[in-house]
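Positions are given from 1, in the same order as the sequence printed here.
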Amino acid sequence: MQEGICKLLAVSTQKDQRLKAVKNLMVCNAHICAYRTELQSQKEELQSNKWNSKYEAKSQVACKAKVAISDIRIPLMWKHSDHFSNKEKSQRYAVFCLFRMGAQVFSTEVAIVDKAVTDICFENVTIL
């Protein structure tokens with residue numbers, strides 16, 4: 001998937017296409033890191049269980065809970081002169097949030113902000 005996104009990024013001609021491709025590449029990389037970490041922890045747990053199974057039995061297993069995250073608001077702090085001077089064309093930034101819990105990775109939509117914006121609001125509901 002990474003290679004496909006990189007190829008798409010190389011041939012993208014419009015800003016929106018490139019922006020979506022970069023976001024997808026970052027989300028894909030986060031998925032890969034999460035899966036590698038999960039696989040490594042499972043390997044370590046398996047090795048630990050082999051050692052511990054001789055001496056103790058596991059009598060309790062923890063259940064997984066669900067957490068909902070919604071209405072994220074990120075206040076922005078700009079220099080006073082940058083925030084109030086809209087005479088020149090200000091630089092714009094693309095922002096999104098990436099959530100990771102265990103091997104699960106979620107992301108919000110992309111928000112485009114400039115120095116006139118005082119906070120970013122993501123109205124997504126994400127259940128981890």
Side-chain angles (χ1 to χ4, degrees):
M1 199 163 168
Q2 264 182 327
E3 291 175 15
I5 295 171
C6 288
K7 288 178 183 177
L8 179 64
L9 187 58
V11 298
S12 296
T13 57
Q14 297 178 355
K15 287 182 183 181
D16 289 344
Q17 288 176 330
R18 288 192 304 245
L19 185 61
K20 288 178 184 178
V22 168
K23 178 194 172 202
N24 289 335
L25 185 59
M26 293 175 76
V27 171
C28 182
N29 287 340
H31 276 285
I32 290 169
C33 289
Y35 292 144
R36 282 183 183 159
T37 303
E38 187 74 16
L39 183 60
Q40 183 65 32
S41 66
Q42 286 178 358
K43 283 181 182 179
E44 290 172 0
E45 184 178 327
L46 184 62
Q47 290 173 350
S48 173
N49 285 343
K50 285 180 182 177
W51 174 258
N52 291 335
S53 64
K54 296 176 185 178
Y55 302 105
E56 59 185 48
K58 288 190 175 182
S59 61
Q60 296 180 359
V61 177
C63 65
K64 293 186 178 182
K66 292 192 178 216
V67 176
I69 299 174
S70 64
D71 296 321
I72 298 171
R73 181 181 169 268
I74 303 171
L76 301 175
M77 296 179 64
W78 305 103
K79 286 194 267 180
H80 186 73
S81 59
D82 290 341
H83 177 66
F84 288 106
S85 67
N86 289 331
K87 293 178 182 175
E88 75 273 352
K89 188 175 180 179
S90 66
Q91 190 172 5
R92 294 172 24 160
Y93 303 91
V95 181
F96 71 98
C97 289
L98 192 66
F99 307 104
R100 178 179 158 200
M101 180 177 250
Q104 294 180 326
V105 176
F106 299 96
S107 62
T108 63
E109 77 279 356
V110 174
I112 306 296
V113 298
D114 61 10
K115 292 183 179 177
V117 177
T118 57
D119 60 351
I120 305 169
C121 295
F122 295 104
E123 297 178 359
N124 298 59
V125 175
T126 304
I127 299 175
L128 302 171

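- Here Glu109 pairs with Asn124 under the side-chain hydrogen bond (donor to acceptor under 3.5 Å, both in side chains) rule; sequence neighbours left out.
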Start with the C-alpha distance between Phe99 and Ile72, add both sets of side-chain angles, then the distance that settles side-chain contact (heavy atoms from CB on, under 4.5 Å), and finish with yes or no. CA-CA 12 Å; Phe99 307 104; Ile72 298 171; 3.0 Å; yes
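- Under the 4.5 Å side-chain heavy-atom criterion for Ile, Leu, Val, Met, Phe, Trp and Tyr, Val95 and Leu76 are members of the same hydrophobic cluster.
- Gln40 meets the side-chain hydrogen bond (donor to acceptor under 3.5 Å, both in side chains) test with Glu44; sequence neighbours excluded.
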Listed pairs under 3.5 Å, donor-acceptor, residues 23-37 side chains, sequence neighbours left out:
from	atom 1	to	atom 2	distance (Å)
Lys23	NZ	Ser107	OG	3.4
Lys23	NZ	Thr108	O	2.8
Asn24	ND2	Lys20	O	3.2
Asn29	OD1	Gln2	NE2	2.1
Asn29	ND2	Leu25	O	3.4
Thr37	OG1	Cys33	O	2.9
Thr37	OG1	Arg100	NH2	3.3

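- Every residue two or more places apart in sequence or in another chain that forms a side-chain contact (heavy atoms from CB on, under 4.5 Å) with Leu9 is listed here: Arg18, Ala21, Val22.
- Here ring-ring contact (aromatic ring centres under 6.0 Å, His included) pairs that include residues 107-126, with residues two or more places apart or in two chains, number zero.
- Within a 6.0 Å sphere centred on CD1 of Ile74, heavy atoms belonging to other residues, nucleotides or ligands number more than 12.
- Applying the side-chain contact (heavy atoms from CB on, under 4.5 Å) criterion to Asp114, with sequence neighbours excluded, gives Ser90, Arg92, Ala116, Val117.
- With sequence neighbours left out, Asp119 forms a salt bridge (charged side-chain N to carboxylate O under 4.0 Å, His left out) with Arg73.
- Contact check for Thr126 versus Cys97: no side-chain heavy atoms found under the 4.5 Å cut-off.
- No continuous path of ILVMFWY side-chain contacts below 4.5 Å connects Leu19 to Val113, so the two sit in separate hydrophobic clusters.
- For Phe106, there are no ring-ring contact (aromatic ring centres under 6.0 Å, His included) partners two or more places apart in sequence or in a different chain.
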